[in-house]
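This report refers to the structure that appears directly beneath it.
Please read these numbers as outputs of a predicted model, since none were measured by experiment. Numbered from 1 within each chain, the chains take letters A, B, ... in sequence-line order.
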There are 2 protein chains.
Amino acid sequence: MVTLSEENYLKTIFHLGRHDKASVSTNAIAQKMETKASSATDMIKKLSEKGLVDYQKYKGVQLSENGRLAAISVIRKHRLWEVFLVNKLSFSWDEVHEVAEQLEHIKSEKLTLELESFLDYPTQDPHGDPIPDSNGSIPSTQKLLLAKVKQGHQCICVGVKDSSSEFLKYLDKYKIALGSQIKVISKEAYDESMTVKINDIQKTISKEVAQNLFVKTN
Amino acid sequence: MVTLSEENYLKTIFHLGRHDKASVSTNAIAQKMETKASSATDMIKKLSEKGLVDYQKYKGVQLSENGRLAAISVIRKHRLWEVFLVNKLSFSWDEVHEVAEQLEHIKSEKLTLELESFLDYPTQDPHGDPIPDSNGSIPSTQKLLLAKVKQGHQCICVGVKDSSSEFLKYLDKYKIALGSQIKVISKEAYDESMTVKINDIQKTISKEVAQNLFVKTN
DNA sequence: ATAAATTTTTAGTCTTATCTAAACTTTAAG
DNA sequence: CTTAAAGTTTAGATAAGACTAAAAATTTAT
Ligand SMILES: [Mn+2]
Ligand SMILES: [Mn+2]
Ligand SMILES: [Mn+2]
Ligand SMILES: [Mn+2]
């Protein structure tokens with residue numbers, strides 16, 4: 001039995017440890033969870049006793065195999081629910097996260113499987129993030145930040161790095177969505193802004209925007 | 001802010017006080033909640049302080065207007081989710097309750113409204129129970145127990161009083177469902193069993209069954 | 001290499017929701 | 001009307017999860 005709070009910690013540890021495989025620090029966990037380091041330490045001990053993380057005092061934590069599977073299961077549910085909210089109910093992509101944070105904790109294997117089937121086995125959520133399958137495998141997609149694309153190249157928007165409501169609303173405002181064709185017209189060295197052509201409309205976007213859009217080159 | 005546990009107590013008090021408008025006893029609440037009377041007393045005090053129930057020591061509780069609305073909101077969500085599980089995912093009516101017990105606590109007004117719309121504004125759940133509307137009004141349906149129907153009369157099954165998995169599976173086994181036509185052939189005074197014709201098949205059912213099926217006479 | 005700064009852990013407290021045991025109130029019998 | 005039984009509340013304890021303040025370990029800087 002994994003509690004709701006434990007699930008949230010596991011998810012956070014998973015996301016923090018996703019790229020570099022080094023161990024995750026207590027402070028980093030506390031910061032992401034918007035709690036205090038002492039609370040994180042308490043929870044880490046509990047997760048360690050349950051065999052969900054490997055922990056050495058002062059050296060941070062890493063998910064164990066069971067912990068990894070538990071984290072992925074929660075992320076799977078989160079993303080499936082986000083697809084449901086956008087595709088079946090009329091939520092927009094900036095409204096789904098908060099509700100999915102609640103729905104991801106519903107415990108029913110059958111529900112998850114039936115929901116997945118009802119949604120026709122989606123492979124990614126409304127923000128372009130991959131949906132793990134029922135075995136915990138995460139489909140890999142090669143994507144890069146728009147900021148890395150060279151001048152003159154054409155690409156297609158496949159995801160967002162920042163999925164905050166503010167950023168998503170900014171994208172909506174300028175009709176930038178998953179699937180949008182983007183051509184890099186020019187890049188400004190000074191402030192790392194870039195001029196791009198999106199949906200045949202030319203626009204200059206800031207470094208902040210270019211560093212939070214994932215694209216795939218054609 | 002009403003906690004998950006408070007919501008469950010409110011729901012229980014609502015159901016216990018549904019028919020007789022007398023106040024609900026501590027013991028009755030504790031029993032339904034599968035907890036101890038002392039725990040119920042603690043919670044009652046908390047609900048009373050929040051203005052959700054009217055409470056006098058040793059005299060039991062009654063829901064206040066706010067408490068009633070909070071309880072109905074939870075029941076509304078419970079029943080809408082049950083409809084979703086049966087109509088959209090392939091759950092059977094004996095599998096939905098446990099999952100709905102979790103889903104009923106998801107807090108999102110928009111989710112509830114969109115779900116209701118997605119389901120085409122159902123007025124009853126898979127067990128024949130009415131679904132409150134967004135204002136908290138509960139559609140009333142005149143129904144009576146099959147046990148009360150006189151010999152020779154024809155009626156139609158419109159709900160179950162006991163919605164336990166065991167009873168629902170029994171009904172499935174004999175192809176008794178909402179909408180089934182039932183004619184009372186004869187009644188046995190000794191054990192209150194009755195012989196009925198359901199879907200053109202004659203069958204004798206026990207008092208237990210007849211007292212847990214709601215019907216509407218034609 | 002030592003001191004200072006930072007990070008992490010521990011100790012002790014708080015809140016929510018639960019429990020047992022004991023005390024108190026109400027109800028039912030005699 | 002008094003006593004026994006049943007129902008209810010209080011007192012004190014526990015577990016989960018969080019917090020503050022203080023101690024300990026590690027890292028960084030002089
Ligand atoms: Mn999300
Ligand atoms: Mn997402
Ligand atoms: Mn139910
Ligand atoms: Mn129901």
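Not one side-chain nitrogen or oxygen of A:T3 sits closer than 4.0 Å to the OP1 or OP2 atom of D:dA16. The shortest distance between the side-chain N/O atoms of A:K57 and the OP1/OP2 oxygens of D:dT26 is not below 4.0 Å. Residue A:Y55 has no polar side-chain atom (N or O) positioned under 4.0 Å from OP1 or OP2 of C:dT8. Residue B:K45 places at least one side-chain N or O closer than 4.0 Å to OP1 or OP2 of D:dT10. Contact check, A:S5 against D:dA18: a side-chain N or O comes under 4.0 Å of OP1 or OP2.
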Any protein N or O atoms within reach of nucleotides 19-23 of chain C? Criterion: under 3.5 Å, listing atom names and distances.
from	atom 1	to	atom 2	distance (Å)
C:dC19	OP2	B:T35	OG1	2.4
C:dC19	OP2	B:K36	N	3.2
C:dC19	OP2	B:S39	OG	2.6
C:dT20	OP2	B:K36	NZ	2.8
C:dT20	O4	B:S38	OG	3.0

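To the nearest 0.5 Å, atom CG of residue B:L103 and atom NZ of residue B:K77 are 10.0 Å apart. Atom CG of B:L63 is separated from atom OG of B:S23 by 11.0 Å, given to the nearest 0.5 angstrom.
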Criterion side chain to side chain contact (heavy atoms under 4.5 Å, CB included) on B:L115 and B:T112, from CA distance to verdict: CA-CA 5 Å; B:L115 180 64; B:T112 308; 5.8 Å; no
- A:F214 and A:L145: side chain to side chain contact (heavy atoms under 4.5 Å, CB included), yes or no, with the steps? CA-CA 5 Å; A:F214 284 121; A:L145 292 176; 3.4 Å; yes
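Nucleic acid contact class of A:T41 (heavy atoms, under 4.0 Å, all strands): base.
A cation-pi arrangement, defined by a distance under 6.0 Å to the six-membered ring centre and an angle within 45 degrees of its axis, is present between B:K110 and A:F91.
Residue B:M43 contributes atom CE, which lies 17 Å from atom P of D:dT8 at whole-angstrom precision. Regarding A:N27, its CG atom lies at a distance of 18 Å from the P atom of C:dA5, rounded to whole Å. In this entry the distance linking CG of A:L4 with C1' of D:dA16 reads 12 Å, nearest Å. Remark: P of C:dT9 and CD of A:Q56 are 11 Å apart, rounded to the nearest angstrom. The CD-C1' distance, from A:Q31 to C:dT8, rounds to 15 Å in whole Å. Atom-to-atom, CD of A:E49 to C1' of D:dA16 comes out at 13 Å; the value is rounded to the nearest Å. Distance, A:I44 CD1 to C:dT10 P: 11 Å, rounded to whole Å.
Under the 30°/60° scheme for interplanar angles, the aromatic rings of B:F84 and A:W81 are found to be tilted.
The ring pair (Phe, Tyr, Trp, His ring centres under 6.0 Å) search around B:H97 returns B:H78, not counting sequence neighbours.
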